[in-house]
Amino acid sequence: MAGKKKTFEESLLRLEEIVTALERGDAPLEQSMSLFEEGTKLVTSCKKQLDQAEQKVVRLSKGEDGAPVAQPLEGAE
């Protein structure tokens with residue numbers, strides 16, 4: 001998948017794989033560091049995608065006067 005941007009779901013799945021591998025603790029140090037680095041990049045990418053989605057939701061949530069109204073999502077704390 002080199003060069004192709006991963007979807008949020010693909011990034012999250014890969015992040016879960018990385019966490020599982022690191023939790024096992026059986027990878028050599030160099031591989032663990034490489035996995036950790038990949039994981040931090042995926043976290044940054046996922047956060048950026050979530051922020052963009054949140055901004056879109058806020059833009060789509062408009063009040064009676066047409067102005068955007070920020071509303072908390074149900075279940076969000």
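A quick note: this is a predicted structure, and the numbers were derived from the prediction, not measured.
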What distance do [X] atom [atom1] and [Y] atom [atom2] have between them, rounded to the nearest 0.5 Å?
| X | Y | atom1 | atom2 | answer |
| --- | --- | --- | --- | --- |
| Leu12 | Gln49 | CG | CD | 10.0 Å |
| Glu9 | Cys46 | CD | SG | 9.0 Å |
| Asp26 | Ser32 | CG | OG | 8.0 Å |

- request: Group every Ile, Leu, Val, Met, Phe, Trp and Tyr by side-chain heavy-atom contacts under 4.5 Å, then state whether Leu13 and Leu42 land in the same group.
  value: no
query: Should Leu35 and Leu15 be regarded as members of a common hydrophobic cluster, given that ILVMFWY residues are connected when their side-chain heavy atoms come within less than 4.5 Å of each other, either directly or indirectly?
result: yes
query: Under the 3.5 angstrom rule, does the side chain of Ser45 hit a backbone N or O of Lys41 as a donor-acceptor pair?
result: no
query: Is the backbone N or O of Glu30 less than 3.5 Å from a side-chain atom of Ser34, with the two atoms forming a donor-acceptor pair by type?
result: no
query: Any side-chain heavy-atom pair from Glu54 and Leu50 closer than 4.5 angstrom?
result: no
Side-chain heavy-atom pair Glu10, Thr7 within 4.5 angstrom cut-off: yes
- prompt: Should we count CD of Glu38 as having more than 12 external heavy atoms under 6.0 Å?
  reply: yes
